[in-house]
Amino acid sequence: MFNAAIKAVDVVLNVSLSRRTVLCSIRHYCKKSSKKLRVSEALEGSDVGSNITVEGWVRSVRSQKDHLFVHVNDGSCLQPLQIVASSELNDALLTFGSAVEVTGCLKQSPSRKQPVELLADQINVVGGCDTLEFPFKIKERHGLDYVRQYPHMRCRTNVFSSMMRIRSAASAAIHSHFTERGFIQIHTPVITSNDCEGAGELFQVEPSGQTTEPDKNFFSVPAFLTVSGQLHLEVMSGAFSRVYTFGPTFRAENSQSRRHLAEFYMVEAELAFTQSLEDLTKVMEDLFRSVTEQVLDRCSEDVDLFHQRVSPGHRAVVEAMLKESFTVISYTEAIDILNRSSHNFVFPTTWGCDLQTEHEKFLVKHCGNLPVFVTDYPYDLKPFYARDNLDHPLHTAAAVDLLVPGVGELCGGSLREDRLDLLTARLAQAGMEDTYDWYLDLRRFGSAPHGGFGMGFERYLQCILGVDNIKDVIPFPRFSHSCQL
Ligand SMILES: NC(=O)C[C@H](N)C(=O)O
């Protein structure tokens with residue numbers, strides 16, 4: 001093995017003076033003991049001069065007269081590690097996509113393209129890859145539409161692996177954001193008996209092959225996959241004041257649109273002793289800003305890949321969002337703006353109508369292509385939990401949506417109806433008084449004014465990265481007629 005290393009060095013010694021200077025030192029200074037490093041750790045350069053082993057997948061193989069350049073990536077970062085080896089180490093199995101284990105001496109690279117390179121004395125092909133069958137081709141840039149067809153393979157592409165690292169960093173940033181601000185994380189249940197949003201978009205849960213007769217149900221009551229953790233958070237905010245949850249939520253919406261998924265992740269927060277929508281919008285804006293700043297800071301290379309390749313020009317949009325404070329308009333003002341515009345909307349607007357995506361996107365553009373809070377929606381548009389703005393001349397609820405560039409609605413929240421008599425009346429009107437007796441108890445025993453919101457995590461990623469299709473920001477998208485893998 002050592003002989004092979006020497007040969008590799010000798011071969012490369014002939015290449016150029018700069019390489020000679022660097023590589024000559026291999027015989028004298030490379031520490032013998034070998035340690036395993038991730039590619040990102042190797043690229044940091046602190047192990048230059050050491051014998052190391054990296055494991056990963058081949059991104060490219062370039063064979064020159066006497067030596068071989070192999071790029072290996074293990075998903076820890078965007079940049080691959082360049083392996084330089086004697087062409088004697090070439091192997092028919094060493095192809096694009098194969099899994100390898102490489103041992104050698106880490107050296108500073110003479111090229112500006114990478115900080116270090118690994119002078120290999122051993123390349124082990126752990127798993128070969130039939131490049132003819134492999135869906136991705138070397139040096140080809142595959143579009144998101146193409147790679148989406150291979151949900152089990154797309155993490156091997158640069159763009160999708162960048163996405164997954166950004167997703168992971170954003171997720172960590174959300175947890176640290178709330179932890180730093182004294183919020184307690186609550187694991188709200190995935191299986192629940194409530195339909196928080198009241199929209200009837202529920203997936204019912206029953207063991208497979210069981211009867212659907214009501215008295216023989218597994219849970220005795222109908223049980224569903226959660227559409228929102230809000231009501232459980234409300235319970236917890238009554239003891240911990242500030243709580244949040246971040247997990248999967250489910251909507252049985254029969255949609256294959258670029259904005260909807262049947263399973264998506266939602267960040268939800270609930271705050272006791274919250275008196276106004278303004279208090280709530282501050283928390284929402286703070287969350288957006290701090291998480292985005294952390295993501296841009298921690299994943300700059302990955303984010304740049306998106307802003308340069310997937311959504312050119314989007315970086316300026318993100319920077320503007322971070323610079324300017326978010327606009328706030330009421331729903332009534334929003335309807336005025338829409339009615340005054342000469343734009344031909346598919347859905348006409350009158351006071352009382354729900355805002356459609358086309359309206360939301362128009363309002364964002366109207367406000368300088370910047371995030372905009374729309375507050376005080378018609379009472380009848382909002383679920384039973386939204387607080388009635390009794391003093392408002394029109395019948396509105398203290399509810400707010402945050403609309404953002406490229407996406408439309410990113411967050412939805414409200415002050416919660418905390419007045420027992422009003423809440424009881426509203427539930428009674430909907431025939432839900434008994435189901436929600438426990439919810440009424442929250443208003444009976446030490447009730448505090450409170451409010452909260454939810455932010456769709458995938459929509460958030462779409463927004464900061466400029467990704468058009470929500471299916472491209474989640475590892476395994478679920479939507480109607482699609483549950484591959
Ligand atoms: N926690 C929230 O306020 C989110 C809200 N329940 C929703 O699903 O849109």
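Computed from a prediction, not measured in an experiment: that's the story for all the values here. Counting starts at 1 for both ligands and their atoms, in listed order. Here, residue 1 is the first one in the sequence, and each next residue gets the next number.
Using a 4.0 Å cut-off to heavy atoms of Gln230, the atoms of ligand 1 that qualify are 1 (N), 2 (C), 3 (O), 5 (C), 6 (N). Every atom of ligand 1 with a heavy atom of Tyr385 under 4.0 Å away is listed here by number and element: 5 (C), 6 (N). Close approach of ligand 1 to Phe453 is summarised as follows: ligand atoms under 4.0 Å from at least one heavy atom of the residue are 1 (N), 2 (C), 3 (O).
Nearest protein neighbour of atom 1 (N) of ligand 1, counting heavy atoms only, is Glu268 OE1, 2.6 Å. In terms of protein heavy-atom proximity, atom 7 (C) of ligand 1 is nearest to Glu197 OE2, 3.3 Å. Considering only non-hydrogen protein atoms, atom 3 (O) of ligand 1 sits nearest to Arg416 NH2, 2.9 Å.
Ring-plane geometry between Phe136 and Phe134 is classed as perpendicular, the angle between the planes exceeding 60 degrees on a 0 to 90 degree scale with a lower cut at 30.
Using a cut-off of 4.0 Å between Lys/Arg side-chain N and Asp/Glu carboxylate O, Asp437 and Arg444 are scored as salt-bridged. Comment: Lys35 does not engage Glu41 in a salt bridge, judged by the lack of any side-chain N to carboxylate O separation of less than 4.0 angstrom.
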Exercise. Given the rule in the ring pair (Phe, Tyr, Trp, His ring centres under 6.0 Å) test, do Phe326 and Phe288 qualify, once you have shown the distances and angles that lead to the verdict?
Worked result: CA-CA 11 Å; Phe326 298 180; Phe288 182 92; 5.6 Å; yes
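For Tyr439 and Tyr385, the distance between ring centers is not under 6.0 angstrom. Residues Phe345 and His359 bring their aromatic ring centres within 6.0 Å.
Distances shorter than 4.0 angstrom occur between a heavy atom of Met266 and an atom of ligand 1.
For Arg309, the CZ atom counts as densely surrounded, since its 6.0 Å shell holds more than 12 non-hydrogen atoms of other residues, nucleotides or ligands.
In Tyr244, neither the side chain nor the backbone holds a heavy atom less than 4.0 Å from any atom of ligand 1. At a heavy-atom cutoff of 4.0 Å, ligand 1 is contacted by the side chain of Arg251 but not by its backbone.
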